[in-house]
Each structure stands twice: as structure tokens, then as C-alpha cells.
Amino acid sequence: MKIFVINGPNLNMLGVREPDHYGKETYSDLVEKIKSHCESKNIEVELFQSNHEGALVDEIQRAYGKADGIVINPGAYTHTSIALLDALKAVNIPAVEVHISKVEEREDFRQISYVRLACKKTITGKGTDGYLEAIGFLSKDK
Ligand code: DQA
């Protein structure tokens with residue numbers, strides 16, 4: 001079982017950016033948390049973060065033939081990117097959308113998610129634990 005965890009723009013600023021929404025854990029803390037969780041569950045994991053839409057498309061495409069599941073937090077590209085939606089549809093790998101904050105209780109422009117159309121599940125408002133829940137969902141689904 002191999003899972004790709006893909007994070008979009010500004011998630012490298014975790015711990016610094018808007019802690020009221022995103023908490024105090026840093027991106028490195030998140031990476032360590034996911035790696036040790038996956039190690040304990042015998043799941044192979046690859047983590048990737050980029051601030052660039054095309055790089056995120058490339059990473060989704062790289063998962064083709066390699067990953068059994070994708071956990072994706074596309075950051076603000078959630079609300080704008082048809083390219084990420086199309087990439088997820090193209091590779092057709094079971095995917096879960098994760099948001100650290102409770103997007104449904106935030107601004108109107110955060111209520112649209114294009115990637116959701118290609119995801120089996122959406123997890124919001126659970127902080128970084130949402131990533132572990134997504135990994136659990138994908139590994140049970142297998
Ligand atoms: C986010 C929510 C998005 O609306 C925002 O642009 C982010 C982070 C979240 O994890 O809650 O960058 O995806």
C-alpha cells in the first residue's frame with residue numbers, strides 16, 4: 001500500500017500562517033506525524049508540497065502506476081483549479097481531500113471545491129489529524 005500526500009500553496013507556512021485557522025504545528029511537524037503514523041501501519045508514503053499549480057499537476061501524474069491512494073490538500077487551488085481536478089480524474093487513483101480548517105464555516109469563495117468532484121471523501125476542520133484519517137480511509141478502502 002503506497003500513499004502520496006500532496007500539499008498545495010502556503011502549507012509550507014504551517015505554524016506561522018493564521019494559527020487560529022491552521023494551528024501551531026509546522027509543515028515539518030506534519031511530515032513527521034504522517035511518516036511515523038504510516039510506519040506504524042506499514043504503509044509506504046511519499047510527501048510533496050508546492051506553491052505552484054503545475055508542479056502539483058506533475059506530482060498527481062507521477063502517482064500514476066505508483067500510488068494506491070492520494071491524500072490532497074490543494075490549499076487555495078481547491079477553489080480555483082480545474083487542472084488539479086482533471087489530473088485526479090486522469091490518474092483515477094482513490095483520493096481524499098483534506099482541509100485543516102473548517103472551510104464550510106469560512107468565506108463564500110471557499111465553498112467551491114473543484115477537486116472534490118474527483119475525491120471519494122472530504123475531511124475538514126480536524127487539524128492535521130485529518131491527514132491521518134484520510135490515510136486510514138484509503139488503506140481500509142484497499
Ligand atoms: C486550506 C483551506 C483553503 O481555503 C486555504 O486556501 C488553504 C488551506 C485548509 O487546509 O484548511 O490554504 O486548504
Side-chain angles (χ1 to χ4, degrees), residues 1-41 43-64 66-142:
M1 175 83 198
K2 182 161 191 161
I3 291 182
F4 274 34
V5 178
I6 300 174
N7 277 290
N10 299 307
L11 288 155
N12 56 318
M13 296 293 284
L14 280 180
V16 175
R17 72 181 290 216
E18 303 178 86
D20 288 351
H21 282 304
Y22 304 116
K24 289 191 176 147
E25 280 172 272
T26 64
Y27 181 69
S28 309
D29 293 337
L30 173 65
V31 168
E32 280 319 305
K33 183 172 179 167
I34 292 172
K35 279 187 179 167
S36 71
H37 176 82
C38 287
E39 208 175 296
S40 74
K41 304 270 177 204
I43 295 168
E44 265 189 88
V45 69
E46 287 199 31
L47 289 113
F48 180 81
Q49 188 278 328
S50 177
N51 295 324
H52 304 278
E53 188 175 12
L56 295 165
V57 169
D58 287 344
E59 184 65 7
I60 293 168
Q61 290 186 7
R62 202 175 70 78
Y64 183 68
K66 291 199 184 78
D68 306 296
I70 293 176
V71 174
I72 186 160
N73 181 348
Y77 290 137
T78 306
H79 318 301
T80 60
S81 181
I82 298 167
L84 292 181
L85 167 65
D86 285 350
L88 287 169
K89 282 186 170 171
V91 297
N92 198 25
I93 297 166
V96 176
E97 173 192 16
V98 172
H99 298 287
I100 295 169
S101 67
K102 221 178 175 71
V103 275
E104 61 273 26
E105 292 180 1
R106 299 181 65 193
E107 301 93 330
D108 286 351
F109 60 81
R110 293 186 208 275
Q111 304 314 313
I112 289 171
S113 168
Y114 289 101
V115 295
R116 194 162 301 169
L117 300 169
C119 289
K120 292 195 157 218
K121 188 177 169 73
T122 296
I123 297 166
T124 69
K126 297 198 170 162
T128 58
D129 287 349
Y131 291 86
L132 307 189
E133 188 178 321
I135 290 164
F137 175 84
L138 289 168
S139 51
K140 272 185 205 88
D141 196 46
K142 210 39 216 167

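Here the structure is a predicted model, which is why all the values come from computation and not from measurement. Remember, it's 1-based here, ligands and their atoms both numbered in the order they're listed.
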For ligand 1, note which part of His99 has a heavy atom under 4.0 Å away: side chain, backbone, both or neither.
-> both

Is the shortest side-chain N to carboxylate O distance from Lys66 to Glu46 below 4.0 Å?
-> no

When you look at Ile72 and Ile60, which way does the side-chain contact (heavy atoms from CB on, under 4.5 Å) test go after all the steps?
-> CA-CA 9 Å; Ile72 186 160; Ile60 293 168; 3.9 Å; yes

Trace of the side-chain contact (heavy atoms from CB on, under 4.5 Å) decision for Val57 with Leu84 | CA-CA 6 Å; Val57 169; Leu84 292 181; 3.8 Å; yes

Please answer whether the main-chain N or O of Glu105 pairs with a side-chain N or O of Gln111 as donor and acceptor at a distance below 3.5 Å.
-> no

Check Val103 against ligand 1 and report side chain, backbone, both or neither, counting heavy atoms closer than 4.0 Å.
-> side chain

Using the ring of each side chain (for Trp, its six-membered ring), is Phe109 parallel, tilted or perpendicular to His79, with breaks at 30° and 60°?
-> perpendicular

What is the closest protein heavy atom to atom 11 (O) of ligand 1, and at what distance does it sit?
-> Ser101 OG, 2.6 Å

Checking side-chain contact (heavy atoms from CB on, under 4.5 Å) for the pair Asp129/Lys33: CA distance, chi angles, key distance, verdict?
-> CA-CA 9 Å; Asp129 287 349; Lys33 183 172 179 167; 2.7 Å; yes

Could you tell me whether Val98 approaches ligand 1 through its side chain, its backbone, both or neither, with non-hydrogen atoms closer than 4.0 Å?
-> neither

Honestly, for Arg17 the part within reach of ligand 1 (heavy atoms, under 4.0 Å) is side chain

At their closest point, which heavy atom of Leu138 faces which heavy atom of Pro94, and how far apart are they?
-> CD2-O, 3.5 Å

Of Thr124, Ile100, Thr80, the one whose closest heavy atom lies nearest atom 9 (C) of ligand 1 is Ile100

Look at atom 7 (C) of ligand 1 and find which of Tyr131, Tyr22, Phe109 reaches it with the closest heavy atom.
-> Tyr22

Looking only at distance, does Thr78 have an N or O less than 3.5 Å from an N or O of ligand 1?
-> no

Check whether any heavy atom of His79 sits under 4.0 Å from an atom of ligand 1.
-> yes

